[in-house]
Amino acid sequence: PKGYREYKVQMEQYYVEYSEEYDYWDVLTVEYPRLEGIAEPVQESVNELMYDTAMDRVNYWHLFPNEDVKKFQEEQYSIFCSDVSCDVTFHSQYLVSMDFFEYYSAGNPVWMTNGTERALTVDLLTGESYELEDILEINRDFIKEWDRINSEQKGEEAADDETLDIILAWFLQEDEEMNE
C-alpha cells in the first residue's frame with residue numbers, strides 16, 4: 001500500500017514581538033502547518049512550501065519588499081500588520097489541503113485593510129503542489145456553476161454573460177491588468 005497512514009500535522013506560528021529589530025507598529029501573527037512522519041526530502045520541501053504560502057504577503061510587503069513596494073511605503077506606509085490563520089481542510093494518505101485566510105494592512109489598518117485567501121494542496125508522496133487547473137477543468141460551464149452556487153449562497157442574482165466572461169478570464173489568468 002502506498003501513502004502515509006500515520007503522519008502528524010501540527011500548527012505553528014510566526015509572530016513578531018516588539019524589540020529593537022521590530023518597531024511597535026509591526027504586528028505579525030502567521031499560522032501555518034508543519035508535517036512530520038513522511039519521507040524526509042519531501043517533508044522538508046512541503047514544510048517550506050506551506051511556510052512560504054503562509055508568509056506570502058508578509059514577505060511581499062514587509063520582509064522582502066521590491067522597489068515598487070518600497071516606493072509605496074515611503075509615500076503611504078504608517079504601519080504593517082498581518083494576521084494569517086490556516087485550516088487543514090483535507091488530509092489522506094496521499095494528499096493534504098489547506099486554506100490560508102489573511103487580513104493585512106500595508107498602510108493604515110483603519111482604512112486600508114486587505115483580505116486574501118490562498119489554498120494549497122500537496123501530494124505527500126512527491127511533494128508536488130496542485131493548482132486549480134490540475135484538479136478542475138476551468139471553462140464556461142465551470143464558471144456558470146461556480147456563479148450559480150456563489151449567487152445562491154449570497155442571495156444575489158446570477159451574473160450576466162459579460163461578467164461571466166470577466167470571471168472566466170480571472171480564473172484563467174488571461175487578463176494582464178487583473179493579474180497585477
Side-chain angles (χ1 to χ4, degrees), residues 3 9-14 27-35 46 49-62 65-66 68-69 72 76-124 126-180:
V9 179
Q10 179 70 41
M11 288 299 175
E12 294 194 6
Q13 282 189 340
Y14 173 95
V27 182
L28 305 172
T29 304
V30 181
E31 181 181 58
Y32 59 95
R34 184 155 193 77
L35 282 174
V46 168
L49 180 59
M50 292 186 300
Y51 175 81
D52 289 345
T53 301
M55 295 291 287
D56 181 75
R57 297 293 82 192
V58 172
N59 288 335
Y60 179 84
W61 283 108
H62 190 61
N66 65 26
D68 289 338
V69 171
F72 170 83
Q76 304 287 330
Y77 192 76
S78 62
I79 187 173
F80 180 83
C81 61
S82 181
D83 186 18
V84 180
S85 61
C86 179
D87 289 327
V88 175
T89 55
F90 177 81
H91 58 88
S92 72
Q93 65 194 48
Y94 302 105
L95 297 172
V96 63
S97 296
M98 63 223 68
D99 287 329
F100 296 90
F101 303 94
E102 177 173 18
Y103 290 101
Y104 68 93
S105 175
N108 184 324
V110 173
W111 56 268
M112 198 173 168
T113 301
N114 301 288
T116 64
E117 183 175 353
R118 294 181 290 283
L120 182 63
T121 298
V122 181
D123 186 312
L124 295 173
T126 65
E128 179 182 2
S129 170
Y130 296 108
E131 300 292 326
L132 190 58
E133 60 269 7
D134 296 329
I135 300 167
L136 299 169
E137 183 179 341
I138 301 172
N139 57 27
R140 186 124 178 119
D141 290 337
F142 168 78
I143 295 303
K144 283 182 178 179
E145 182 66 9
W146 178 87
D147 179 61
R148 184 188 66 75
I149 293 168
N150 188 46
S151 299
E152 271 181 22
Q153 288 178 345
K154 292 183 176 181
E156 298 174 352
E157 283 190 40
D160 59 24
D161 285 342
E162 184 178 339
T163 303
L164 289 175
D165 289 339
I166 292 169
I167 295 169
L168 179 59
W170 181 82
F171 268 97
L172 295 175
Q173 300 178 344
E174 294 176 338
D175 187 314
E176 288 302 317
E177 189 175 318
M178 277 196 293
N179 289 345
E180 287 183 24

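These figures come from a predicted structure and were not determined experimentally.
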Steps toward side-chain contact (heavy atoms from CB on, under 4.5 Å) verdict (Asp83, Phe101): CA-CA 8 Å; Asp83 186 18; Phe101 303 94; over 6 Å; no
Roughly how far apart are Arg57 CZ and Ser105 OG, rounded to 0.5 Å? 13.5 Å
Look up atom CG in Asp175 and atom CH2 in Trp170, then write down how far apart they are to the nearest 0.5 Å. 12.5 Å
If we check side chain to side chain contact (heavy atoms under 4.5 Å, CB included) with Trp146, which of these qualifies: Ile167, Asp141, Leu168? Ile167
Do the charged groups of Glu12 and Arg34 touch, with an N to O distance under 4.0 Å? yes
May I ask you to test the Leu124-Leu35 pair for a side-chain heavy-atom distance under 4.5 Å? yes
Under 4.0 Å between a Lys/Arg side-chain N and an Asp/Glu carboxylate O for Asp161 and Arg140? yes
Evaluate the side-chain proximity of Asp56 to Phe100: yes if any heavy-atom separation is below 4.5 Å, no if none is. no
Closest non-hydrogen atoms of Glu31 and Ala54, given as atom of the first, atom of the second and distance, are O-CB, 3.9 Å
Stepwise side-chain contact (heavy atoms from CB on, under 4.5 Å) test for Val88 and Met11: CA-CA 9 Å; Val88 175; Met11 288 299 175; 3.6 Å; yes
Exceeds 12 heavy-atom contacts within 6.0 angstrom, atom OH of Tyr103: no
Test log, rule side-chain contact (heavy atoms from CB on, under 4.5 Å), inputs Tyr32 and Thr53: CA-CA 9 Å; Tyr32 59 95; Thr53 301; over 6 Å; no
Going from CG on Asp87 to CD on Glu117, what distance comes out if it is rounded to the nearest 0.5 angstrom? 9.5 Å
Around Glu156, counting heavy atoms of other residues, nucleotides and ligands shown, do more than 12 lie under 6.0 Å from its CD? yes
Reported CG-to-CG distance for the pair Asp160 and Asp147, which is rounded to 0.5 angstrom: 9.0 Å
Reported CG-to-CD1 distance for the pair Leu132 and Ile138, which is rounded to 0.5 angstrom: 4.0 Å
Indicate the atoms forming the closest heavy-atom contact of Gly127 with Val122, along with that distance. O-CG1, 3.8 Å
Looking at Glu137, I want to see if its CD is surrounded by more than 12 non-hydrogen atoms of other residues, nucleotides or ligands under 6.0 Å. no
Is there a side-chain contact between Met98 and Pro33 in this structure, where contact means two heavy atoms from C-beta onward sitting under 4.5 Å apart? yes
Looking only at non-hydrogen atoms, find the nearest pair between Ser129 and Asp134 and report the distance. O-OD2, 4.2 Å
For Glu157, does the CD atom have more than 12 heavy-atom neighbours from other residues, nucleotides or ligands under 6.0 Å away? no
Check this for me: Glu174, atom CD, are more than 12 non-hydrogen atoms of other residues, nucleotides or ligands nearer than 6.0 Å? yes
Distance from Trp61 atom CH2 to Asn114 atom CG, nearest 0.5 Å? 7.5 Å
Stepwise side chain to side chain donor-acceptor pair (under 3.5 Å) test for Ser82 and Glu102: CA-CA 7 Å; Ser82 181; Glu102 177 173 18; 2.6 Å; yes
Okay, side chain of Asn66, backbone of Asp68: is any donor-acceptor separation there less than 3.5 Å? yes
